[in-house]
Structures are given as C-alpha cells and as structure tokens.
Amino acid sequence: MIVGRAAGLTDTGRRRRQNEDAFVCDPPLFAIADGMGGAQAGELASRLAATAIEEAGAAVADGEGVVGAVRAANARIFERSLTDPAVAGMGTTATVALVDEQSGTMTLAHVGDSRAYRYRDGELEQLTTDHSLVAELVRTGRLTEAEAAVHPHRSVITRALGTEADVEVDTRTLDLAAGDVVLLCSDGLSAMVRDDEIARLLEGAGGDPYLAAETLVQAANAAGGDDNVTVVLFEVVEGSPRPQPPPPDELAAERVGPDDVTSEAVLDDVRRHGAGKGSRWPALLFVLAILAAAAIVLWWSFLR
Ligand code: CA
C-alpha cells in the first residue's frame, strides 16, 4: 500500500481574527499544530512546530524518529520563548503521522488535543487520546462525553509543546490498508462537528481528500466556526512503495557523483605528480615533432 492523494486545509473560522493553527502535508509525513499563548505567540509556536517537524521529518524513518522530531520541535519553541519575552509561555499541540509504505504501517506521535482518526469501512476511529482537562475527567468517570462536549473549559490542554524543557510524547504504530482515509485535525473541527457527522461527510466525499477537507471545514464553520479549523487528510491505496530516500552516508556519496569523483582523481594525480606536468608532456612532444618536420623541410630545400 502507498499514500495516495493528500490534502491539507486551514481556516481562521468565524470568531477568531488570527489563525494560530499550522499543518504539514508532505507525504508520507503529516502534522497538525494548534498554537496557544495569545495571538502572535500561538501563531509562532505552531509555525515553529510545523517547520521543525517538517525539517526533522526529511531524515525521520521510524517511530523513534517521529518522537525525536516532536521533541526537537519542543526544544525549539521552548528556547525561543526563553529569549523573547513577547512570546514567553507560548505552546502548541502537535499531532504527527508518518507512513512507512514498505511495511504498510503508520506511526503517530502526539501532544495536546489535536486528533488523528482512521476512517475504514464506514467506521471512524479516533486514534489519539486528548491531553485535555475534560478528556481526563471523562477517563476517570467524573464527566460524561456529552458533558465534556459543552464544558466551558473543554479547550484546556494538560500537555503542550514548548512550555517546558522536555515533553512526554504519546506514540503508537498501527496498520494501514488500501481504502483507509486518515484524518488529522485541530479541535476547531472536533469540538464543532461530532464524530458521526465527520464520518458521514467522509463517506460523502468518497475518499477524495480535497473534497473531504473542504466539506469538513465548511461543516465546522456552519456549526459556528468558534475556533481556527485545520484538517489534513490522505487516502491509502494499492501500489508499490516509492523509493525511500537513501541514508545520509549514501546521500553524501551521491552528491559527489561520478563526474566529481573523476575530477577528484585528476586533482589527486596533479597533487601526486606536480601541477599540470602530466598533461604538458604530450603538447611538448607535439611541438618538437612540428619543429623537427620544419627542420627537415628547410634542410631539404637547402639541398635543392
Ligand atoms: Ca484550537
């Protein structure tokens, strides 16, 4: 199986003036970040997270790598918040999905309440556990799902990226199958649109991630659009895995390339044998041959 079509879409919503969400849609790497800490700080935190994850993602190959990418993002945001008082205390959620097409698996890493869902055979399954106050109250039986959905503090998260020097990252690896659609979203979708409605809209989009992204964002706005809404979707299809990027060592060798190896060899030759000596000899012989020929012609004409 491989990742087929993929789409990412973000919208400010109908109540906020700024969009503090950011996303990565760079198959086979996908991520959502939902910033907090006041307008500019939230925006900066989520952008820093998305950029750090995207950069680290280029070298990421496994589950440990994904967690490392999230930790690196955490460090980058935390360091920035220490040096810039205007954005002190900023933070963001981060939900990352990396698909391994060779093994047909997906690794998720997440902090906060941005979610990952898998839509399979008409069923929508939430793959992540929210790190939020209400989710913890539901888990301990002190709140029902219905109460949590309308709780005034439902957007309070209990874990964030960038607020501490280190962060605990939840991670899991699961199988993917052709026909699956994976959805990552910020709470601007999941708090506004119920899971059964999300499933109905995904069904209606018929597996088209672009159409699904648009209808989901529209649905969040139609329900009030209280928050920034961001969705990243991709479909899983039959196919041969695309070639994986070579490991860093091979990359370095590739960058040198056969031509460069040749010129390097020539340079070595010059270094070993003295500058240009090897290539000057044939020219000198050629000139001597011309002079000799000219001398013979002259000598011949004198004789006559
Ligand atoms: Ca949000």
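Throughout, numbering of the chain's residues begins at 1 and tracks the sequence. Keep in mind that the numbers below use all heavy atoms, side chains included, and drop hydrogens, waters and symmetry copies.
Proximity of a side-chain donor or acceptor of Thr95 to a complementary backbone N or O of Ile32 within less than 3.5 Å is not detected. No side-chain donor-acceptor contact under 3.5 Å links Glu145 to the backbone of Val138.
Glu197 is linked by a side-chain hydrogen bond (donor to acceptor under 3.5 Å, both in side chains) to Arg200, counting only residues two or more places apart in sequence or in another chain. Partners of Arg80 under the side-chain hydrogen bond (donor to acceptor under 3.5 Å, both in side chains) rule, at least two apart in sequence or in another chain, do not exist in this structure. Judged as a side-chain hydrogen bond (donor to acceptor under 3.5 Å, both in side chains), and not counting sequence neighbours, Glu214 has no contacts. Every residue two or more places apart in sequence or in another chain that forms a side-chain hydrogen bond (donor to acceptor under 3.5 Å, both in side chains) with Ser103 is listed here: Asp100, Thr105. In this structure Phe30 satisfies the ring pair (Phe, Tyr, Trp, His ring centres under 6.0 Å) test together with Phe234, sequence neighbours excluded.
Each side chain to side chain donor-acceptor pair (under 3.5 Å) pair with one or both residues in residues 66-75, not counting sequence neighbours, appears once here: Arg71-Asp166. Evaluation of the side chain to side chain donor-acceptor pair (under 3.5 Å) test over residues 175-192, restricted to residues two or more places apart or in two chains, returns Asp21-Ser186, Arg120-Asp180. Among pairs with a residue in residues 129-138, those fulfilling salt bridge (Lys or Arg N to Asp or Glu O under 4.0 Å) read Arg115-Asp130, Glu136-Arg139, at least two apart in sequence or across chains. Residue pairs meeting the ring-ring contact (aromatic ring centres under 6.0 Å, His included) criterion with at least one member in residues 178-213, sequence neighbours excluded, do not occur. Counting only residues at least two apart or on different chains, the ring-ring contact (aromatic ring centres under 6.0 Å, His included) pairs with a member in residues 112-148 are His110-His131.
Side-chain atoms of Ile198 and Leu189, non-hydrogen and from C-beta on, do get closer than 4.5 Å to each other. Within the 4.5 Å cutoff, the side chain of Val231 has heavy atoms near those of the Val217 side chain.
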Mind listing the side-chain donor-acceptor pairs of residues 149-157 below 3.5 Å, one per line with the distance, residues two or more places apart or on another chain?
{"unit_1": "His151", "atom_1": "ND1", "unit_2": "His153", "atom_2": "N", "d": "3.0"}
{"unit_1": "Arg154", "atom_1": "NE", "unit_2": "Ala149", "atom_2": "O", "d": "3.4"}
{"unit_1": "Arg154", "atom_1": "NH1", "unit_2": "His151", "atom_2": "O", "d": "3.0"}

Side chains of residues 87-94: which donor-acceptor pairs under 3.5 Å do they make with residues two or more places apart or in other chains?
{"unit_1": "Thr92", "atom_1": "OG1", "unit_2": "Asp34", "atom_2": "N", "d": "3.2"}
{"unit_1": "Thr92", "atom_1": "OG1", "unit_2": "Asp34", "atom_2": "O", "d": "3.2"}
{"unit_1": "Thr93", "atom_1": "OG1", "unit_2": "Asp34", "atom_2": "N", "d": "2.9"}
{"unit_1": "Thr93", "atom_1": "OG1", "unit_2": "Ser114", "atom_2": "OG", "d": "2.7"}

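With respect to the salt-bridge test (charged N to carboxylate O, under 4.0 angstrom), the residues Asp227 and Arg16 qualify.
Looking at Asn221, Asn228, Thr230 one by one, the single match for side-chain hydrogen bond (donor to acceptor under 3.5 Å, both in side chains) with Asp11 turns out to be Asn221.
When hydrophobic clusters are built by joining Ile, Leu, Val, Met, Phe, Trp and Tyr residues whose side-chain heavy atoms come closer than 4.5 Å, directly or via intermediates, Val66 is grouped together with Val167.
In plain terms, the two heavy atoms of Ala50 and Val24 that are nearest each other are O-CG2, 3.5 Å.
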The test is side chain to side chain contact (heavy atoms under 4.5 Å, CB included); show your working for Val70 and Val67 and say whether it passes. CA-CA 5 Å; Val70 175; Val67 173; 5.7 Å; no

